[in-house]
Each structure stands twice: as C-alpha cells, then as structure tokens.
There are 2 protein chains.
Amino acid sequence: MELSNAVQALTGLAQLSRLSVFKTLVAAGPDGAQPTAIAESLDIPANTLSFHLKGLMTAKLVTQEKRGRMITYRADFTQMNALLEFLTANCCGGKGCAVTAPLRAHRANTRAVAS
Amino acid sequence: MELSNAVQALTGLAQLSRLSVFKTLVAAGPDGAQPTAIAESLDIPANTLSFHLKGLMTAKLVTQEKRGRMITYRADFTQMNALLEFLTANCCGGKGCAVTAPLRAHRANTRAVAS
DNA sequence: CACACAATTCGATGATACTGGAATTATGGA
DNA sequence: TCCATAATTCCAGTATCATCGAATTGTGTG
C-alpha cells in the first residue's frame with residue numbers, strides 16, 4: 001500500500017460518524033446492514049449517512065450489494081488488512097507495536113478478536 | 001481506547017504531510033528529529049511543518065523534548081499501539097486482519113533525516 | 001548588546017468537509 | 001396506476017483544515 005492510499009483509508013476512518021458506521025458494519029458481520037437500519041441505530045439522518053457511506057466507499061472500506069430497492073453494505077477487510085499492514089510496517093518501531101506483542105496475559109480476552 | 005480517541009489518533013495520520021512526518025520520525029528512531037531537518041527532508045515550509053507537528057502532538061502521536069533552542073520530536077508508539085489495538089478489536093473480522101499476517105522485516109535505518 | 005538561528009504564532013486566503021432540508025430516482029405492492 | 005418505501009442527490013450554510021508570508025519568541029554566540 002502506498003502512502004497516498006494509506007491516507008485515503010485513514011481519512012475514511014478519521015471521522016466520528018464514519019468510524020461508528022464502519023464499526024457497526026464490522027459488528028454486523030457477513031450479513032452486512034442497510035442504510036435505514038444503520039441510520040436508526042446510530043441516529044444519523046439518512047442523507048448524512050449516505051454521504052458518509054460514499055466516503056467509506058471511496059476509501060474502499062465497504063462494499064455495497066443492491067437487491068431490489070435495498071442496498072446492503074458490508075465492511076471490506078481487504079483494505080483494512082492492507083492499512084494495518086502499512087501502519088505496522090511504517091509506523092511502528094519494528095519490534096514493539098501491538099501487532100507483534102499480544103499484550104502479555106492481559107485478560108485473554110473478552111472478545112473473539114484474539115490473534 | 002475510546003471511539004473519540006481513535007478518531008483523534010486517526011485524524012493525526014489522515015493527512016499526507018502529517019503521515020509523512022510521522023513516518024519520518026518512526027524511521028528516525030529513538031534519536032528523533034528536529035523540525036529544520038524534517039522540513040528540509042520533506043520539503044515543507046517550517047511554519048507549515050510546525051502546524052502539522054502541533055496536530056501530531058494533539059493526536060498524542062509524537063513527543064517533544066526541548067534542548068536549548070532546538071526541539072527534538074519523536075514518534076510515540078504508545079498511542080500507535082493503542083490505535084492498532086483499537087482497530088484490531090473493533091474494525092477487524094476477528095479472524096483475518098493483519099495481526100496474523102507476516103510482519104515484513106523492518107529496516108533499522110535510523111539516519112533517514114540527514115541532509 | 002547585536003546578530004543569527006530554531007521554532008512557533010499570527011493573519012489571511014482558498015479549499016475541503018460536515019450537516020440536513022428538500023427534491024429525485026428507483027423498486028415493490030395494492 | 002397510485003402510493004409507500006429505500007436510498008441517493010442536490011443545494012446551501014457553516015465549520016474546519018491546509019498553506020504560507022510575515023512577525024514573534026527564545027536561545028546561543030561573538
């Protein structure tokens with residue numbers, strides 16, 4: 001991933017509404033979610049949400065699938081992987097960052113996100 | 001790390017100049033670098049750089065140490081760790097993300113800022 | 001003190017981003 | 001066809017960001 005692509009991806013996440021939307025989509029998993037549901041869940045006007053979803057699309061962080069008159073959005077982990085790889089390679093000390101050090105026995109852990 | 005803190009950190013990196021500066025500081029390692037050197041290296045006017053360094057300070061991504069009339073800036077990996085941890089926990093599928101991906105060997109060349 | 005230098009702050013400008021009401025497009029159903 | 005619904009686009013207002021010349025602050029040196 002190039003520097004400019006990293007900026008693009010980071011920009012996609014560097015805003016409260018968008019990060020919330022992305023987080024929601026991640027939580028929604030493979031089923032994804034539709035704008036109406038997201039808007040209600042996060043209490044964001046539909047048009048504002050649409051604006052941010054477009055931003056997430058531009059950042060290539062989400063995908064959309066049209067079925068009839070509804071559109072399902074899903075988090076796209078490919079870009080997220082590339083971003084984390086970039087940050088790990090370019091923005092870490094090379095030894096310390098969280099990626100390599102799984103937080104020594106730090107309550108091994110509540111969520112299914114573990115390594 | 002809270003959502004809003006994550007946004008703060010992401011905002012710090014979501015800009016070409018700032019990401020470049022941070023990358024430079026990471027490459028500089030423990031020695032850090034001074035504004036004049038960074039400005040020359042990246043070809044950014046001193047005041048513009050100062051503006052972005054302030055942004056990185058706000059995002060808690062860098063630290064500064066005053067010695068005489070020069071100031072040494074260093075990347076602060078604490079915040080970076082926290083950010084990566086946040087992204088891994090909240091923005092990954094739980095299985096795929098870069099955490100498991102092989103970490104490309106990081107060049108330990110710390111002399112990147114010299115003129 | 002006078003000067004050079006490191007770095008920041010000030011101030012002004014242009015560009016971009018965020019928000020939300022209103023209108024629009026498109027699909028499904030009665 | 002007519003209406004409801006899903007989602008987007010249009011548009012305007014406001015706010016924030018990015019840039020850089022000029023002025024400022026602070027420190028070391030002759």
Side-chain angles (χ1 to χ4, degrees), chain A residues 3-25 28 31-75, chain B residues 3-4 6-25 28 31-75 113-115:
Chain A
L3 200 69
S4 59
N5 296 116
V7 170
Q8 187 184 46
L10 287 163
T11 301
L13 298 173
Q15 205 276 341
L16 192 56
S17 298
R18 278 196 303 274
L19 186 57
S20 302
V21 170
F22 188 73
K23 186 167 178 281
T24 299
L25 287 176
D31 290 345
Q34 289 142 19
T36 301
I38 302 171
E40 162 146 7
S41 165
L42 298 178
D43 195 30
I44 298 175
N47 54 354
T48 301
L49 174 64
S50 197
F51 171 81
H52 287 304
L53 283 171
K54 195 200 284 188
L56 287 169
M57 285 290 290
T58 300
K60 294 178 183 159
L61 286 165
V62 302
T63 60
Q64 65 177 188
E65 182 197 3
K66 293 191 183 184
R67 280 186 64 112
R69 63 179 158 176
M70 24 245 270
I71 301 182
T72 298
Y73 283 89
R74 294 186 182 85
Chain B
L3 200 68
S4 58
V7 170
Q8 188 184 45
L10 287 164
T11 301
L13 298 174
Q15 205 276 340
L16 192 56
S17 298
R18 279 197 303 273
L19 186 56
S20 302
V21 169
F22 187 73
K23 186 168 178 282
T24 299
L25 287 176
D31 290 345
Q34 288 142 18
T36 301
I38 302 170
E40 162 147 6
S41 165
L42 298 178
D43 195 30
I44 298 175
N47 55 355
T48 301
L49 174 64
S50 197
F51 170 82
H52 287 304
L53 282 171
K54 196 200 285 188
L56 287 169
M57 285 290 290
T58 300
K60 295 178 182 160
L61 287 163
V62 303
T63 60
Q64 65 176 190
E65 182 196 3
K66 294 189 184 183
R67 282 185 63 114
R69 62 179 158 178
M70 25 244 268
I71 302 182
T72 298
Y73 284 89
R74 294 186 182 84
V113 180
S115 60

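Below, chains carry the letters A, B, ... as their sequence lines are ordered, and counting in each starts from 1.
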Exercise: identify the closest heavy-atom pair between B:V62 and B:L53 | CG2-O, 4.3 Å
So, does A:S20 use its side chain to make a donor-acceptor pair with the main chain of A:L16 at under 3.5 Å?
-> yes
What closest approach, in Å, do B:I44 and B:L49 show between heavy atoms, and which atom pair accounts for it?
-> CG2-N, 3.7 Å
May I ask you to test the A:S17-A:T48 pair for a side-chain heavy-atom distance under 4.5 Å?
-> no
Atom CD of B:E40 to atom P of C:dA6: distance rounded to whole Å?
-> 11 Å
Whole-Å distance separating the CG atom of A:L56 from the C1' atom of C:dA17 = 14 Å
What residues in residues 61-72 of chain A put a non-hydrogen atom under 4.0 Å from any atom of DNA chain C?
-> A:G68, A:R69
How would nucleotides 11-23 of chain D be written as a contact map, 5' to 3', with B for base contact, S for sugar-phosphate-only contact and - for no contact, using protein heavy atoms under 4.0 Å?
-> -------BBBBB-
Quickly work out the A:M57 CE to D:dT8 C1' distance and round it to whole Å.
-> 13 Å
With a 4.5 Å heavy-atom cut-off, do A:T58 and A:T11 have their side chains touching?
-> no
Compare side-chain N and O positions of A:Y73 against OP1 and OP2 of D:dA6 and report whether any pair is under 4.0 Å apart.
-> no
Roughly how many Å is it from CG in A:L53 to P in D:dT9, rounded to a whole number?
-> 11 Å
Round to the nearest Å and state the distance from A:K54 atom NZ to C:dT16 atom P.
-> 15 Å
For A:T36, which contact category applies under a 4.0 Å heavy-atom criterion: base, sugar-phosphate, or nothing?
-> sugar-phosphate
Contacts satisfying salt bridge (charged side-chain N to carboxylate O under 4.0 Å, His left out) that involve residues 50-72 of chain A (not counting sequence neighbours) are A:E65-A:R74
Check the pair A:I38, A:L25 against side-chain contact (heavy atoms from CB on, under 4.5 Å), reporting the backbone distance first and the verdict last.
-> CA-CA 8 Å; A:I38 302 171; A:L25 287 176; 3.9 Å; yes
Measure across A:A14 and B:A14 and return the closest heavy-atom pair with its distance rounded to 0.1 Å.
-> CB-CB, 3.8 Å
Would you sort out whether A:R18 and A:L13 count as a side-chain contact (heavy atoms from CB on, under 4.5 Å), showing the intermediate values?
-> CA-CA 6 Å; A:R18 278 196 303 274; A:L13 298 173; over 6 Å; no
Interatomic distance where CG belongs to B:L49 and P belongs to C:dC5 [whole Å] = 19 Å
